[in-house]
Each structure stands twice: as C-alpha cells, then as structure tokens.
Colleague: 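Okay, here's the structure, questions in a sec.
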Amino acid sequence: MKPAVTVLALSGGVGGAKLALGLSRRVSSGELAVLVNTGDDFTHLGLRVCPDLDTVLYTLGGVVHPAQGWGRADESFGFMDELRRQGGPDWFLLGDRDLVLHVERTRRLAEGERLTQIMSDLASRFGVASRVLPMSDAPISTLLETDAGALEFQHYFVRLRAVPIVQRLHYAGASQARPPDEVLDLLRSRSLEAVILCPSNPYLSIDPILAVPGLRVALRAARVPIIAVSPLIGGRAVKGPTSKIMQELGIEATSVSIARHYSGLIDGLLIDETDDTRETREALEAMGIRVGVTPTLMKTLDDRERVAQRALDLASELATVSTHTRSAG
Ligand code: GDP
C-alpha cells in the first residue's frame with residue numbers, strides 16, 4: 001500500500017518541477033502528490049505529448065537535463081536528425097529516449113487506459129515515490145488569442161518562442177472535463193495537510209488546472225492551508241513569459257498581482273525578499289493572505305529544499321492559526 005498523501009503540489013513544467021523536487025525531499029517518501037497541468041499537451045506526429053507531466057516525471061526521477069530543466073540528461077537525437085532529412089516538422093524537439101514515452105503513452109491511451117494510470121505506472125518505472133497526476137484524463141488545450149491570431153500552446157510557446165502579444169487565454173475542453181477520482185479522493189482524505197501552488201506560470205500552468213470543473217471547490221473544501229510561491233522576483237519572471245503576459249494583459253507584474261490572481265483560493269503567499277516591502281505586506285494582509293518571505297531563487301538542490309521547507313512552514317503556521325481561531329470561537 002502506498003503511504004497517504006500529506007502534501008499536494010500544483011505544478012506546470014520547469015519552474016514548478018524545481019519546487020516539486022524540493023518538496024519531495026522535505027516530506028516523507030510517497031507522501032507528496034503533484035497535480036500537473038495538461039493544457040500544454042498536444043498531438044504531434046500522431047503522438048500524445050505531455051510536456052509538463054514528463055518534466056515533473058524526469059525531474060523527480062533524477063533523469064532531467066540539469067541545464068534545460070526539461071528533457072533528459074542522457075539523450076540522443078537520431079530520430080530528429082532523420083526527421084529533418086526527410087523534410088518532417090522539426091520545430092518541436094523529441095529526443096530518442098523521450099520519444100519512447102510518447103509512443104508508449106499513445107499506444108496505451110488508444111487501448112483505453114486512462115492518462116492517470118499510465119503516469120502512475122511510468123512514475124513507478126522511474127522509481128518516483130511521489131504521485132504524478134494529470135489534472136484530468138480528458139484532453140484540455142490552452143489556446144491563446146494573440147496579435148498573430150489564435151494559437152495552440154506549443155505553437156505559441158515553442159514554434160513562435162512566446163513572441164506574439166497575448167490578448168486572451170482559453171482552456172478548450174475544460175468545461176467537459178473533471179479531475180481524476182484519485183485527485184478528488186486525496187483532497188477528501190484526512191491525511192492531507194497542505195496544498196502548495198508551485199511558482200509556475202499562473203496563466204499558462206496553474207489556471208488550466210484550476211479551470212477543471214470542481215477542482216477549485218474541492219481544494220477549498222479540503223480545509224487545509226493553500227500556499228502559493230510567487231513566480232516573480234523583483235517584478236520579473238525567473239524564466240519564460242509570465243511577466244510579459246502580465247504586461248500584455250494590463251496587469252502589473254508584482255507579488256500583489258499574483259496574490260490578487262489567486263485571492264479567494266490561497267491563504268498564504270511566499271514572496272522573494274527583494275519584493276518584501278511595507279506596501280506589499282499591507283496589500284496582502286488586507287486580502288487576508290499571510291506573507292512568507294525568503295530568497296525564492298532555486299539554483300541548487302539546497303535552494304529547492306529550502307524554499308519547499310519555507311512553503312511547508314507557512315502552511316503549518318496557518319494551520320496552527322486556524323486551529324486556535326476555531327478553538328477560540
Ligand atoms: P513551464 O511550464 O516549463 O513554463 O514552467 P512553469 O510554468 O512551471 O514555471 C515557469 C515559472 O517558474 C516562471 O514564471 C518563472 O518565473 C518561475 N520560476 C522558475 N524558476 C524559479 C525560481 O527559481 N524561483 C521562483 N520563485 N520562480 C521560478
């Protein structure tokens with residue numbers, strides 16, 4: 001029997017996986033579940049590709065490419081070289097080992113297996129004790145309305161390098177989807193102690209997860225502290241288009257905007273020390289959000305563990321406060 005989950009993390013790809021790795025080392029083995037965005041998934045060359053799920057899997061499995069933060073460290077590109085020679089679409093890089101996962105996933109999905117089951121099996125094969133869960137078994141696609149027209153996520157992000165100006169985002173298919181039973185079960189379980197929103201892109205990685213009907217309500221109904229870690233440091237994203245998209249949507253790239261974005265859902269926000277101003281604290285406190293401060297840049301494994309521990313500590317502080325409030329009331 002697997003141990004009961006005590007911490008649920010919501011994650012996109014590279015940025016989220018950094019914290020997920022830290023969390024996996026700060027909670028007891030098997031007690032972490034990572035709920036991963038599948039809005040970036042797409043069918044390419046006839047194969048079902050799930051970039052964020054695989055990034056989390058490779059990161060927790062210790063095989064991720066350390067400099068890139070995605071793909072595998074030990075990789076070859078024979079398939080890509082030949083695809084290019086044959087005039088095939090070469091804008092999306094698929095390593096030979098990585099390709100095996102897409103082939104296997106596509107085969108198993110065609111045989112009727114659920115994505116949740118397939119990922120659970122892959123996690124065991126990679127020796128990952130944490131649960132790696134898709135936000136839904138039904139396909140959901142993040143679509144962006146941009147100045148270059150409507151774009152599917154990978155076309156915006158990889159082919160066009162996130163250059164187009166974003167006007168609106170949709171999560172196509174979300175209204176017909178539901179969270180996997182495994183996710184609803186762990187949110188109802190009495191063992192759960194905290195939910196952590198990784199510092200993933202709020203619009204491209206976390207919002208698609210929250211768009212799955214029933215999930216937001218189930219997260220609140222779990223009655224455990226929900227903590228977000230801000231993806232911004234000094235008003236800028238560490239990597240990727242988070243602050244660019246915020247600007248394009250007319251939102252100031254600040255911790256306060258991140259708090260506002262998640263308000264009604266989160267109880268605490270962990271911000272970087274460079275963003276710790278009196279105005280920020282006051283604004284967050286006025287929203288009823290407790291502030292945690294730490295250097296949030298995760299370069300080393302120690303950084304990942306330290307930020308993870310700080311997020312868990314903030315959750316424990318909030319759990320204590322709410323117990324006191326309940327007993328006082
Ligand atoms: P993607 O799906 O691969 O784009 O990755 P995510 O959405 O999970 O993460 C992207 C976000 O992670 C960006 O907004 C980054 O600012 C944020 N990020 C990446 N590394 C760090 C870090 O070390 N610290 C913090 N606070 N945020 C980070």
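Whatever order the structure lists ligands and atoms in, that order sets their numbers, starting from 1. Along the sequence shown, the residues carry numbers beginning at 1.
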Colleague: Closer than 4.0 Å to some heavy atom of N201 - which atoms of ligand 1 meet that?
Modeller: 6 (P), 7 (O), 9 (O), 10 (C), 11 (C)

Colleague: Counting only heavy atoms closer than 4.0 Å, does ligand 1 sit against the backbone of S200, its side chain, both, or neither?
Modeller: both

Colleague: Is the shortest heavy-atom distance from the side chain of P202 to the side chain of T242 under 4.5 Å?
Modeller: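 P202 reaches T242 side chain to side chain.
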
Colleague: Heavy-atom contacts under 4.0 Å between T296 and ligand 1: side chain, backbone, both, or neither?
Modeller: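 Within the 4.0 Å criterion, T296 contacts ligand 1 through backbone and side-chain atoms alike.
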
Colleague: Where does S11 meet ligand 1, judged by heavy-atom distances below 4.0 Å: at the side chain, the backbone, both, or neither?
Modeller: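 It is neither part, as no heavy atom is under 4.0 Å.
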
Colleague: Do the side chains of R114 and D181 get close enough for a salt bridge, i.e. N-O under 4.0 angstrom?
Modeller: no

Colleague: Heavy atoms only, cut-off 4.0 Å: how does D52 contact ligand 1, side chain, backbone, both, or neither?
Modeller: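 For D52, the contact with ligand 1 is made by the side chain alone.
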
Colleague: I'd like to check which ligand 1 atoms, numbered from 1 as shown, lie under 4.0 Å from a non-hydrogen atom of S205.
Modeller: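 Those qualifying, in numeric order: 2 (O), 6 (P), 7 (O).
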
Colleague: Consider every N or O of G13 and every N or O of ligand 1, then say whether any pair is closer than 3.5 Å.
Modeller: yes

Colleague: For the 3.5 Å polar cut-off, considering only N or O atoms, please tell me whether V238 and ligand 1 meet it.
Modeller: yes

Colleague: Does any N or O atom in I233 lie less than 3.5 angstrom from one in ligand 1, N or O only?
Modeller: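 N/O-N/O distance under 3.5 Å: no.
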
Colleague: Below 4.0 angstrom, N of the basic side chain to O of the carboxylate: do E317 and R310 qualify?
Modeller: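 R310 and E317: salt-bridged.
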
Colleague: Among protein heavy atoms, which sits nearest to atom 26 (N) of ligand 1, and what does the distance come to when rounded to 0.1 Å?
Modeller: S230 O, 3.0 Å

Colleague: With P179, which of L133, I209, L215, T116 fulfils side-chain contact (heavy atoms from CB on, under 4.5 Å)?
Modeller: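 Single pass found, and it is L215.
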
Colleague: Decide whether S316 and D313 meet the rule of one side-chain donor and one side-chain acceptor closer than 3.5 Å.
Modeller: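 No, no side-chain donor-acceptor pair sits under 3.5 Å.
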
Colleague: Can you tell me if CD on Q247 sees more than 12 non-hydrogen neighbours from other groups inside 6.0 Å?
Modeller: no

Colleague: Within the structure, does K18 bring an N/O atom to less than 3.5 angstrom of an N/O atom in ligand 1?
Modeller: yes

Colleague: Looking only at protein heavy atoms, which one is nearest to atom 4 (O) of ligand 1, and how far off is it?
Modeller: F157 CZ, 3.9 Å

Colleague: Is it the case that more than 12 heavy atoms not belonging to E273 sit under 6.0 Å from its CD atom?
Modeller: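 Atom CD in E273 is packed in, count exceeds 12.
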
Colleague: Are any of the N/O atoms on P231, whether in the backbone or the side chain, positioned under 3.5 angstrom from an N/O atom of ligand 1?
Modeller: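 Such a contact does occur with ligand 1.
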
Colleague: With atoms numbered from 1 as shown, which atoms in ligand 1 lie under 4.0 angstrom from a non-hydrogen atom of G12?
Modeller: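 So the atoms of ligand 1 that pass are 8 (O).
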
Colleague: Please state which option from D275, V229, V14 has its nearest heavy atom closest to atom 5 (O) of ligand 1.
Modeller: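 Minimum heavy-atom distance to atom 5 (O) of ligand 1 goes to V14.
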
Colleague: Ignoring angles and geometry beyond distance, decide whether G16 reaches within less than 3.5 Å of ligand 1 through its nitrogen or oxygen atoms.
Modeller: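 Yes, G16 has an N/O under 3.5 Å of an N/O on ligand 1.
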
Colleague: Could you find the nearest protein heavy atom to atom 23 (O) of ligand 1 and give me its residue, atom name and distance?
Modeller: M298 N, 2.7 Å

Colleague: Is any NZ, NE, NH1 or NH2 atom of the basic residue among E104 and R125 found under 4.0 Å from an Asp or Glu carboxylate oxygen of the other?
Modeller: no

Colleague: Specify side chain, backbone, both or neither for K299, according to which of its non-hydrogen atoms lie closer than 4.0 Å to ligand 1.
Modeller: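 It is neither part, as no heavy atom is under 4.0 Å.
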
Colleague: Distance to 0.1 Å, residue and atom name: give those for the protein heavy atom nearest to atom 14 (O) of ligand 1.
Modeller: T242 OG1, 2.5 Å

Colleague: At less than 4.0 angstrom from any non-hydrogen atom of K239, what atoms of ligand 1 do you find?
Modeller: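 Counting from 1, the qualifying ligand atoms are 13 (C), 14 (O), 15 (C), 16 (O).
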
Colleague: Report the hydrophobic cluster partners of V238, with the cluster defined as I, L, V, M, F, W, Y residues connected by side-chain heavy atoms closer than 4.5 angstrom, directly or transitively.
Modeller: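 Besides V238, the cluster holds I233, L297.
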
Colleague: One pair to check against side-chain contact (heavy atoms from CB on, under 4.5 Å): V224 and E193. What are the steps and the verdict?
Modeller: CA-CA 6 Å; V224 298; E193 290 170 11; 5.5 Å; no

Colleague: Under 3.5 Å, N or O to N or O, is L297 touching ligand 1 that way?
Modeller: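 No.
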
Colleague: Any carboxylate oxygen within less than 4.0 angstrom of a Lys/Arg side-chain nitrogen, looking at D302 and K299?
Modeller: no

Colleague: Closer than 4.0 angstrom, basic N to acidic O: yes or no for D275 and R236?
Modeller: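 Looking at R236 together with D275, the answer is no, because their closest N to O distance does not fall below 4.0 Å.
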
Colleague: Are R108 and E111 within salt-bridge range, i.e. N to O under 4.0 Å?
Modeller: no

Colleague: Taking only residues at least two apart or on different chains, which pairs with a member in residues 57-73 satisfy side chain to side chain donor-acceptor pair (under 3.5 Å)?
Modeller: Y58-D98

Colleague: Can you report which non-hydrogen protein atom sits closest to atom 11 (C) of ligand 1, along with the distance?
Modeller: P199 O, 3.2 Å

Colleague: Would you mind listing which atoms of ligand 1 come within a distance below 4.0 Å of any non-hydrogen atom of G15?
Modeller: 5 (O), 6 (P), 8 (O), 9 (O), 12 (O), 19 (C)

